[in-house]
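Just below is one structure, and these are the notes that go with it.
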Amino acid sequence: MTSILLNRRAFLGALALSASTLPAFAKARPERIVCLEWTAAEMVCGLGLYPVAVADLGGYRDWAVEPRLPDTTIDLGSRSEPNMEVIRALAPDLIVTAQGYGVDEQQMHRLAPVVTLPLYDGSSSPLNVLPAETRRLAAIMGRQNEAEALIQNASHDFDTIAKSMQGRDVPPVAVISLFDDRHVRLYGKGGLFQDVMDRVGVTNAWTGETSDWGFSTASIADLVRLEDALILSLDPVPENVSIRVRQSTLWKNLPAVRNNMIISIPPVWPYGGIGAARRFAHFMAAALNAR
């Protein structure tokens with residue numbers, strides 16, 4: 001099967017683009033990398049190099065989880081306002097960030113070359129953009145072989161999962177995050193989870209309007225509309241929210257709850273890279289196989 005992840009033309013285009021945009025003073029193979037956003041950190045790790053520092057390190061470990069960062073990783077504070085003094089003291093070879101987090105790039109350029117990943121701006125589906133952006137980052141880092149391995153392994157897994165779904169009675173799937181006891185975030189059109197579902201042949205039960213980031217905010221009552229769906233609830237859920245939800249009469253009376261069609265899955269960063277897409281595909285397949 002020919003996959004969008006193995007598009008040779010996109011690969012060559014990414015290499016040409018990277019050559020034209022690589023800052024003249026960047027190292028040919030930078031090793032001291034600072035990441036200002038979790039997706040950036042995931043992608044750098046996926047290419048075989050751990051960043052020396054990551055913004056909101058605790059959040060990465062809770063929400064993105066993998067690849068796991070070593071204990072020596074330095075926390076830069078807020079993703080929108082990282083600690084400039086710490087970055088300056090670290091003297092990084094490269095700073096990697098993602099579009100949409102309000103970081104003043106001009107300030108960052110004074111400290112090191114900056115790569116911005118435009119992955120979730122609403123202009124294209126994430127899984128279409130990710131291979132080229134992964135290859136662009138890899139070219140700047142001198143890790144093209146690692147990029148190809150990452151992309152090909154993910155494509156192989158997607159194909160394997162897609163084949164396992166063929167000929168089965170697979171229910172539609174909805175993916176939610178619980179942030180309070182009255183509202184949920186549902187992931188749909190324009191998001192990474194939607195792309196993965198499309199790639200492996202699973203129907204998304206949620207078809208509501210979404211933001212540029214690919215999610216909708218709805219009330220828990222709206223989940224009544226998903227009575228035939230398998231609902232995947234993303235961890236982590238704050239403990240106080242989990243307690244209130246379990247005590248909620250509305251929650252208890254949802255068709256999906258009564259029919260045991262809600263399954264918790266480990267954390268996956270919904271705005272992540274190829275690694276997050278692959279991670280979600282495996283968790284979704286495991287949940288479908290367990291029903």
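For clarity, every value in this text was computed on a predicted model and none was experimentally measured. Counting from 1, the numbers follow the sequence of the chain as shown.
Here OG1 of T134 is found 14.5 Å from CZ of R143. Values are rounded to the nearest 0.5 Å. In this structure, the separation between CD1 on I151 and NE2 on H156 is 16.0 Å, given to the nearest 0.5 Å. Between the OG1 atom in T97 and the CE atom in M108 there is a gap of 7.5 Å [rounded to 0.5 Å]. Here R61 contributes atom CZ and E66 contributes atom CD; the two are 13.0 Å apart, rounded to the nearest 0.5 Å. To the nearest 0.5 angstrom, T203 atom OG1 is 12.5 Å from L230 atom CG. In this structure, the separation between CG on L250 and OG on S219 is 7.5 Å, given to the nearest 0.5 Å.
Residue I161 is grouped with residue V175 when hydrophobic side chains (ILVMFWY) are merged at heavy-atom distances under 4.5 angstrom, including chains of intermediate members. Hydrophobic clustering (ILVMFWY, side-chain heavy atoms < 4.5 Å, transitive): I263 and V257 are in distinct clusters. In the hydrophobic clustering of ILVMFWY residues, with side-chain heavy atoms under 4.5 Å counting as a link, I243 and L178 come out apart. I220 and V173 are members of different hydrophobic clusters when ILVMFWY side chains are connected at heavy-atom separations under 4.5 Å. Linking Ile, Leu, Val, Met, Phe, Trp and Tyr residues whenever their side-chain heavy atoms come within less than 4.5 Å places F215 and M284 in a single cluster.
With contacts defined as side-chain heavy-atom distances shorter than 4.5 Å, the pair I33/Y50 does not qualify. A heavy-atom distance below 4.5 Å is not found between the side chains of L36 and E81. At a threshold of 4.5 Å between non-hydrogen side-chain atoms, the residues L130 and L119 count as touching. Annotation: side chain of I265 is in contact with side chain of L234 (closest heavy-atom distance under 4.5 Å). Residues V115 and R136 meet the side-chain proximity criterion, which asks for heavy atoms closer than 4.5 Å. The shortest distance between side-chain heavy atoms of P51 and L69 falls below 4.5 Å. Residues D181 and S248 are not in side-chain contact: their nearest non-hydrogen atoms beyond the backbone lie 4.5 Å or more apart. Residues R279 and P266 form a side-chain contact, since some pair of their non-hydrogen atoms from C-beta on lies under 4.5 Å apart.
Closest approach of P267 and V65 over heavy atoms only: CB-CG2, 3.7 Å. Shortest non-hydrogen contact noted between G273 and L192 is O-CD2, 4.0 Å. The two residues A174 and N204 come nearest to each other via the heavy atoms CA-OD1, 4.2 Å. The nearest pair of heavy atoms linking T73 to A53 is CG2-CA, 4.1 Å. Scanning all heavy atoms of the two residues, the minimum distance from I231 to A256 falls at CD1-CB, 3.6 Å. The two residues Y120 and Y271 make their nearest non-hydrogen contact at CE1-O, 3.0 Å.
Distance alone, capped at 3.5 Å, places no donor-acceptor pair between the S242 side chain and the P238 backbone. At least one donor-acceptor pair closer than 3.5 Å links the side chain of N153 to the backbone N or O of A149. A donor-acceptor pair under 3.5 Å is formed between the side chain of T210 and the backbone N or O of K189. Looking only at distances, no side-chain donor or acceptor of E37 sits under 3.5 Å from a matching main-chain atom of A55.
Between D93 and R32 there is no salt bridge, since no side-chain N of the basic residue sits under 4.0 Å from a carboxylate O of the acidic one. Of the charged side-chain nitrogens involved, at least one lies within less than 4.0 Å of a carboxylate oxygen, so that R199 and D159 count as a salt-bridged pair. Salt-bridge check for E148 with R135: passed, with a basic side-chain N closer than 4.0 Å to an acidic carboxylate O.
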- Apply the test side-chain contact (heavy atoms from CB on, under 4.5 Å) to residues V96 and L117: give CA-CA distance (whole Å), side-chain angles for both, the deciding distance (0.1 Å), then the verdict. CA-CA 8 Å; V96 186; L117 304 168; 4.0 Å; yes
- Query: Going through the checks in order, is the side-chain contact (heavy atoms from CB on, under 4.5 Å) test met by L254 and N259?
  - Reply: CA-CA 9 Å; L254 288 174; N259 297 328; over 6 Å; no
- Might you work through the side-chain contact (heavy atoms from CB on, under 4.5 Å) test for V196 and R278, ending with a clear yes or no? CA-CA 8 Å; V196 173; R278 186 182 184 191; over 6 Å; no
- Task: Begin from the C-alpha positions of S216 and Y187 and carry the test side-chain contact (heavy atoms from CB on, under 4.5 Å) through to its verdict.
- Result: CA-CA 6 Å; S216 310; Y187 300 94; over 6 Å; no
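Side-chain contact annotation: N83 with R88, donor-acceptor N/O pair under 3.5 Å absent. A side-chain donor-acceptor contact under 3.5 Å links S125 and N128.
Under the 6.0 Å distance and 45° angle rule, R79 counts as a cation-pi partner of W38.
Within a 6.0 Å sphere centred on CZ of R258, other residues, nucleotides and ligands contribute more than 12 heavy atoms. Other residues, nucleotides and ligands contribute at most 12 non-hydrogen atoms within 6.0 Å of the CZ atom of R182.
Between F193 and the options W213, F283, F280, W206, a ring-ring contact (aromatic ring centres under 6.0 Å, His included) holds for only F280.
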